[in-house]
Amino acid sequence: EPASIDFFVHGTTAVINALTERKGVVTALITSSGFRDVLEIARGNRPDFFNLSYQKPAPFVPRYLRCEVPGRMSYLGEEVNPLDLSGLPEILENLKKEGVEAIAVCLLHSYANTTHEDQLVAKIAELWPSVAVVASNTVAREWREYERTNSTCLSAYVQPPARKYLNGLCDSLKTQGMKGD
């Protein structure tokens with residue numbers, strides 16, 4: 001009887017299934033000028049060095065959905081160039097036309113200073129409140145650009161389906177009489 005449950009723990013493979021089956025949502029990346037190709041460049045190595053036929057898996061965010069904004073922080077977290085969001089409305093309009101449902105935001109050195117990412121996320125929320133947005137400083141505050149960018153893109157890719165699944169589960173349990181959040 002759900003009404004008698006005091007504590008509920010639930011495990012699911014919904015997120016890993018969305019990743020392995022590539023059934024997340026159309027996702028975009030907004031990054032610092034000059035860094036839109038970090039997903040292809042990665043670490044610059046090949047896992048099977050002597051296999052000349054090796055093909056890297058396609059990134060979860062295709063190149064045409066990766067956009068850049070001017071502005072730069074140093075590795076110490078000091079502003080080198082101010083963030084320029086004047087082109088953001090046009091970027092977002094193009095992403096809307098492409099059917100984007102989630103945006104990953106990963107700016108250079110945001111692990112050291114989140115100010116630019118925070119400003120960008122706030123402006124996206126103002127201009128397009130219904131889109132899911134994930135900032136790298138909330139996912140992986142580490143200095144390696146590829147790992148941070150990729151983790152942020154994957155998080156954005158699965159966030160809407162995961163949210164839909166969990167909201168459905170909560171609604172179902174509440175309908176059945178379970179108390180709590």
Side-chain angles (χ1 to χ4, degrees), residues 14-16 18-19 22-44 56-167:
V15 170
I16 196 71
L19 290 172
R22 289 192 173 246
K23 291 185 177 176
V25 298
V26 178
T27 303
L29 168 65
I30 299 179
T31 190
S32 300
S33 294
F35 283 84
R36 81 185 251 197
D37 291 325
V38 75
L39 294 175
E40 267 96 16
I41 296 168
R43 304 288 327 131
K56 282 184 181 181
F60 282 81
V61 179
R63 191 171 197 271
Y64 76 96
L65 293 178
R66 289 183 243 144
C67 308
E68 300 176 343
V69 292
R72 179 73 52 96
M73 292 288 183
S74 76
Y75 73 97
L76 297 173
E78 299 163 343
E79 187 175 68
V80 176
N81 296 314
L83 183 64
D84 179 1
L85 298 179
S86 62
L88 186 62
E90 182 180 353
I91 289 171
L92 296 180
E93 283 306 312
N94 289 334
L95 295 178
K96 285 177 187 178
K97 289 176 188 171
E98 293 295 339
V100 167
E101 296 178 55
I103 299 174
V105 172
C106 190
L107 301 181
L108 190 63
H109 303 305
S110 62
Y111 60 86
N113 184 338
T114 66
T115 303
H116 283 180
E117 273 195 3
D118 295 341
Q119 291 171 353
L120 178 53
V121 168
K123 192 66 174 176
I124 293 169
E126 176 188 320
L127 297 173
W128 191 3
S130 62
V131 74
V133 181
V134 176
S136 74
N137 70 71
T138 65
V139 174
R141 285 190 75 169
E142 60 181 66
W143 60 274
R144 293 186 179 264
E145 292 310 308
Y146 168 69
E147 287 81 356
R148 194 161 50 85
T149 303
N150 195 50
S151 295
T152 306
C153 288
L154 293 177
S155 182
Y157 181 77
V158 298
Q159 189 182 77
R163 180 175 289 135
K164 180 179 177 184
Y165 172 81
L166 292 172
N167 286 344

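Below, all heavy atoms of this structure are taken into account, side chains as well, without hydrogens, waters or symmetry copies.
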| field | Spacing of Y157 atom OH and L19 atom CG [to the nearest 0.5 Å] | value | 7.5 Å
| query | Roughly how far, to the nearest 0.5 Å, is the CD1 atom of I103 from the SG atom of C106? | reply | 14.0 Å
Does any non-hydrogen side-chain atom of [Y] lie less than 4.5 Å from one of [X]?
| X | Y | answer |
| --- | --- | --- |
| L92 | V131 | no |
| L108 | E145 | yes |
| Y111 | H109 | yes |

Minimum heavy-atom separation for [X] and [Y], please, with both atom names.
| X | Y | value |
| --- | --- | --- |
| A58 | R22 | O-NH2, 2.6 Å |
| S74 | A112 | O-CB, 4.5 Å |
| H116 | N81 | CE1-O, 3.3 Å |
| E117 | L107 | OE2-N, 2.9 Å |
| V61 | T27 | CG1-O, 3.4 Å |

| Donor-acceptor pair, S155 side chain versus S151 backbone, under 3.5 Å? | no
| task | Not counting sequence neighbours, which residues clear salt bridge (charged side-chain N to carboxylate O under 4.0 Å, His left out) with E126? List them please. | result | K123
| said: Please determine whether side chain to side chain contact (heavy atoms under 4.5 Å, CB included) holds for the pair L120 and L88, giving the CA-CA distance in whole Å, both sets of side-chain angles, and the decisive distance to 0.1 Å. | reply: CA-CA 9 Å; L120 178 53; L88 186 62; 3.8 Å; yes
| message | Counting only heavy atoms not in K96 (residues, nucleotides, ligands), do more than 12 fall under 6.0 Å from its NZ? | response | yes
| request: Hey, could you give me each pair passing salt bridge (charged side-chain N to carboxylate O under 4.0 Å, His left out) that has a residue in residues 59-70? Not counting sequence neighbours. | output: D37-R63, D37-R66, E40-R66
| request: Report the residues that fulfil side-chain hydrogen bond (donor to acceptor under 3.5 Å, both in side chains) with T138, sequence neighbours left out, ordered by chain and then residue number. | output: none
